[in-house]
Every structure is written in structure tokens, then in C-alpha cells.
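Computation of the quantities below employed the complete heavy-atom set of this structure, encompassing side-chain atoms and omitting hydrogens, waters and symmetry-equivalent molecules. In the text below, chain A, chain B and the rest are named by the order of the sequence lines, each starting its count at 1.
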Number of protein chains: 2
Amino acid sequence: MRNAAETRDKLLETATGLIWQSNYSSVGVNEICKQAGVTKGAFYHHFDTKADLYVAASRHYWEGMKRDLDAIYSPAYTPLEQLENLIQLIIQKQISECICRDLEVAGCPFFTAGGQAGIDDIKIRRAAQEMEEHVQKYSVALVRGLKGEGVLNGDPDIEQVARFLHHFIQGLLVYGRLMNSLDAVRADLREGLYRLIDLKDEYRIAESEQPYSKASDAA
Amino acid sequence: MRNAAETRDKLLETATGLIWQSNYSSVGVNEICKQAGVTKGAFYHHFDTKADLYVAASRHYWEGMKRDLDAIYSPAYTPLEQLENLIQLIIQKQISECICRDLEVAGCPFFTAGGQAGIDDIKIRRAAQEMEEHVQKYSVALVRGLKGEGVLNGDPDIEQVARFLHHFIQGLLVYGRLMNSLDAVRADLREGLYRLIDLKDEYRIAESEQPYSKASDAA
DNA sequence: ACTTGAAGATACCGATCGGTATGCTATATT
DNA sequence: AATATAGCATACCGATCGGTATCTTCAAGT
């Protein structure tokens, strides 16, 4: 009974990290255990299968992301500020998540893994779908706020535009990861989102006048 | 010397198919050989490593896609028609590629695999980058044509918008695959692209008046 | 103090992994 | 016809795969 929760968390985070820098099927249980400093007996004491660990890690990861999203979508901010917060968060996350790794862009390991899962890996797929549903709610709220504020052109389908954001962000992050270039993400993120939500020109922020400097790592 | 090219092609296409319905690292050499009706000796006669097969399969896949792209981007079409062709091709490809498989949406296996590859799998990454570079040229040509035709609002950065298309399409296909819903792709593809290229309203085609019916499978 | 069960350690399981060594066979070359 | 080599088959390699069986340890409940 010596520190069960800590062992579990260590496994969760180690697994997330390893899956992050490669992918689900190429990361072995042995490797996870070794890096987590945990024996296999302990592993299978906490999780029935490797897939179950994955699902747990996915939820664990979402909890952290939920905190971030709650923060940037706080009612303390206007919808426009929330949008800006989102842009900054995406960039910032790539930096923080890639610390101690050799990647410039991480993306979301669980989402991409879910998109690559075969029909057989139902658990993996469901985990990604679950996260997708969660994040979609936040995006809908953002777009609804923007629309309510009257900063969008036309009369868009809110849920559809929310999906647009998601598609684009995911695609961009995969691209950024493929090219191993965070600058590639920076170059396209803002303008792409602006176009997808069709933000009125007068509310757009030019790339040259970004609020924070790129290197504001100060925690 | 009995039919070397055929054996090679069989391996290439079998590998592509298998990787398609799952992913690179979870598909074994044995499985590929078995399904291709080829022995392991034959496999390693044609390819040095599994990764080399993957790269070859990637190029083989690109050759087919290049033919498709050359067809839809033919000078016989106006830029607007080319755009419409692209939309139809993406949908159609998902249908044709998924025949005999249990997936509704396939996406591009090589691109997503490249995006998930670790730093170590340089070959896999390079293959995806290579294909990315190729397809980007086509997208640039499309956007340039559209801009030249004067059907786009504003004065967009052509290369950037071309990248936008790619990000969005890839993200959407991963989403469609995750949800296993081709309708999800259909629902967002056209409108998303329109917004990213900022096509003038008068040139947009409403979802309800699509040129071909959804079920036109006739080869 | 004694029991109980969670937490974890060690050793092992058959299966499969990517890859190799060697041999056979048919065709092309001389 | 003899030879050489591409094309392929069979058998096998050590390593690793996900998972299990069994054991110890330690802390809480009574």
C-alpha cells in the first residue's frame, strides 16, 4: 500500500510521454515500466491491459487539458480574448510538452492515435472520441460567444464552425510535427482560424502585433 | 525470375492496404507476406527492411494519387471546376479505398503515420514529408488559379492558403476516420475549404446543389 | 497481536517481432 | 550443355511482445 496513487500517476504520465514521442502500438509495456521505475507486477496490478492504461492516460490527459481550457475560456475574458488565449495556449503547449523531448511539436497523441486505430482497437478509438466530444463543447461555446458578440461575418452554423476549428488545429499540428517545426504552426494557426470563423477584419490581430512575445516561458 | 515486378507490386499494395486499416508499427512483416501470398524470403529479396517497404509503398501510393491529381487539375477545367473536382475526389477516394474494408473513411496512411513517427523513424518521416511537398505544389497551383480568376476575396498569401487546405483536409479526414463517418466528412469539407480560401459568395455551391449524387459509384 | 488484502517484486509464458542463413529452381547468358 | 544469378522457399535466430503465476512485504482493521 506504499503510495498506490503515486505509482499509478507515474505510469499514466510516463505512458503519455512515451506515446507522445512515438505512438501507442510501438510503445511496449516493458518500456513504460522501465521508464516509470515500476515493475511489471505493479503495472498489471493497476491496469488490466495495456489498452486500459491507454484509456486511463487519455482521461488523465484530458483532466489537465480541461483545466487549461477552463482557464482560457473563463468568463473573465471576452470571446475575442478567449480566441486569442486559445491561439497562445496551442503554441505554448507545444513548447511545454516538448521540453526534454526532441520534438518541436507534439500535437495530441490520443487524438491522432484514435484516428489511426483499426476497427479492432475499440477502446483506443472510444477514448479519442470521448475527448473529441469534450473539446467540441468548448469550441462551440467559443464560437457562440464570438457570434453573440457580433464579430463574425454572416450567420454561421456554430457547431460546424466549431468542428472546423478542430479539424484545422489537428491537421496543422500533425503537419507541424511532421515538419518538426513550431514556426510552421505559428505561421498558419492564427490566420487559418480567422478564416474559418470568418472574423470581421477590424477584429483581427496581425501576426506582427501579437500580445505576448514568443519566448514568454515564465511560469 | 518468375514475375518479380508482380510480386513487388503485390507486396506494395498489400502493405498499403494493411497499414491503411491500422498503422505502420502494428502491421508485421509476417502479416504482410501472408496476405500477399508471398514468403518472407521473397519479401527480403525485394526490400532490405520493413521501413524500406514502407517508403516504396508510399511512393507507389503517390504515383496513383498523382494521376488522380493530374486528372482533376487538368487545364481542361477552370480553377473553380478544379476545386469542385478536388472536393469530389476526396469523397470518392474514401469510398473506393474503403471497399472490402470495414472503415468508412481511410484518410492518408502515410501522412498520418509520418506525423506520428518518432525522431528515430527518419525514413517514415521523410516519406511523408516528400509526399507533402508534392501535394503542396498542386494545391498552390489551384489557389493561384483561383486567385488569378479573381474569385477570391482579398489578396491572400497563395502558399499559405494552399497549406490551409492541406491542414484542414487532413484534420477532417482523421476526424472522419475517428468517427467512422463519411457523412461527417461530407458535412464539413466544402464549407471549410470555401472559408479557408475565402471564395466569393457568388461562386460558392450550396451543399444542396452538388453536381453529382452522393452514391455515384459507377466506375 | 493477528489477520487480511492491497502493493509490488521476480520469474516466466507462448506468441510474435524484424531479420538472416541457406537452399532450391528456373531463366538468361555464354 | 554448362554456368551464373535472379527469384523465391524453408527454417531458424535472438529479442521483445502483452500478459500471468507466484511470491513477498507492509500497512490497516479488528
Side-chain angles (χ1 to χ4, degrees), chain A residues 1-19 21-58 60 109 113 116-118 120-125 127, chain B residues 1-19 21-58 60 109 113 116-118 120-125 127:
Chain A
M1 309 169 179
R2 175 59 207 263
N3 236 340
E6 187 178 314
T7 303
R8 203 185 130 95
D9 274 20
K10 184 71 180 166
L11 280 171
L12 252 33
E13 265 154 44
T14 303
T16 302
L18 284 176
I19 291 171
Q21 59 190 282
S22 55
N23 64 77
Y24 173 70
S25 48
S26 70
V27 172
V29 174
N30 292 305
E31 192 182 350
I32 297 174
C33 292
K34 190 178 173 186
Q35 176 138 341
V38 163
T39 63
K40 220 166 182 182
F43 181 102
Y44 281 101
H45 175 76
H46 287 280
F47 305 100
D48 284 349
T49 67
K50 181 189 169 189
D52 287 330
L53 162 76
Y54 177 86
V55 172
S58 174
H60 183 76
Q116 264 194 359
D120 38 326
D121 331 278
I122 316 180
K123 287 182 180 176
I124 275 71
R125 195 182 219 95
Chain B
M1 310 164 179
R2 175 55 205 248
N3 236 342
E6 188 177 314
T7 302
R8 203 186 129 95
D9 274 20
K10 185 72 180 165
L11 280 170
L12 252 32
E13 265 154 44
T14 303
T16 302
L18 284 176
I19 290 170
Q21 57 189 283
S22 54
N23 63 77
Y24 173 71
S25 48
S26 70
V27 173
V29 174
N30 292 306
E31 193 182 351
I32 296 174
C33 292
K34 190 179 173 185
Q35 175 139 339
V38 164
T39 62
K40 219 166 182 182
F43 181 101
Y44 281 101
H45 175 74
H46 287 280
F47 305 100
D48 285 348
T49 67
K50 182 189 170 189
D52 287 331
L53 162 75
Y54 178 87
V55 172
S58 174
H60 183 77
Q116 265 194 358
D120 38 327
D121 330 279
I122 315 180
K123 288 182 179 176
I124 275 71
R125 193 181 220 98

TODO: Can you tell me the distance, in whole Å, between the NZ atom of A/K123 and the C1' atom of D/dG18?
DONE: 13 Å
TODO: Nearest 0.5 Å please: distance from the CG atom of A/D121 over to the OG atom of B/S22.
DONE: 8.0 Å
- [ ] Looking only at non-hydrogen atoms, find the nearest pair between B/I124 and B/A51 and report the distance.
- [x] CD1-CB, 4.0 Å
Task: Euclidean distance, atom NE2 of residue A/H45 to atom P of C/dG8 [Å, nearest integer] - done: 6 Å
Would you give me the side-chain donor-acceptor pairs under 3.5 Å for residues 36-48 of chain A, sequence neighbours excluded?
from, atom 1, to, atom 2, distance (Å)
A/T39, OG1, A/A42, N, 3.4
A/K40, NZ, A/N30, OD1, 3.0

TODO: For B/T39 and for A/Y24, locate the closest nucleotide of DNA chain D by heavy-atom distance; then report the residue assigned to the nucleotide nearer the 5' terminus.
DONE: B/T39
- [ ] Output yes when a side-chain donor or acceptor of B/K50 lies under 3.5 Å from a complementary backbone atom of B/V27, and no otherwise.
- [x] yes
Task: Separation between OG of B/S26 and CD of B/E31, rounded to the nearest 0.5 Å - done: 7.5 Å
Open item on the list: Please report the distance, rounded to the nearest Å, between CZ in B/F47 and P in D/dG7.
Closed with: 12 Å
Check nucleotides 19-21 of chain C for protein N or O atoms closer than 3.5 Å to its own N or O atoms and list the pairs.
from, atom 1, to, atom 2, distance (Å)
C/dG19, OP2, B/Y44, OH, 3.1
C/dG19, OP2, B/K50, N, 2.9
C/dG19, N7, B/K40, NZ, 3.1
C/dG19, O6, B/K40, NZ, 2.6

- [ ] Look only at the side chain of B/T16 and the backbone of B/L12, and say whether a donor-acceptor pair between them is shorter than 3.5 Å.
- [x] yes
Task: Sub-4.5 Å side-chain heavy-atom contact between A/L53 and A/I32 - done: yes
- [ ] Would you kindly give the CD-to-C1' distance between A/E6 and C/dA6, to the nearest whole Å?
- [x] 16 Å
Open item on the list: By the definition side chain to side chain contact (heavy atoms under 4.5 Å, CB included), identify the one residue from B/V55, B/L11, B/D9 that meets it with B/H60.
Closed with: B/D9
Task: Atom-to-atom span, CG of A/L18 to P of D/dT16 - whole angstrom - done: 16 Å
Check: protein-nucleotides 22-24 of chain D nitrogen or oxygen pairs below 3.5 Å:
none

Task: Rounded distance (Å) that lies between atom P of C/dG8 and atom CG of A/D9 - done: 12 Å
- [ ] Could you tell me the separation between the NZ atom of B/K34 and the P atom of D/dA9, rounded to a whole number of Å?
- [x] 16 Å
Task: Closest approach of A/P109 to B/Q116 (non-hydrogen atoms, all atoms of both residues) - done: O-NE2, 4.5 Å
Open item on the list: Check this one for me: any side-chain N or O of B/T7 less than 4.0 Å away from OP1 or OP2 of D/dG7?
Closed with: no
- [ ] Round to the nearest Å and state the distance from A/H46 atom NE2 to D/dG18 atom P.
- [x] 18 Å
- [ ] Would you mind telling me which residue lines up with the more 5' stretch of DNA chain C, A/V38 or B/V27, judged by nearest nucleotide?
- [x] A/V38
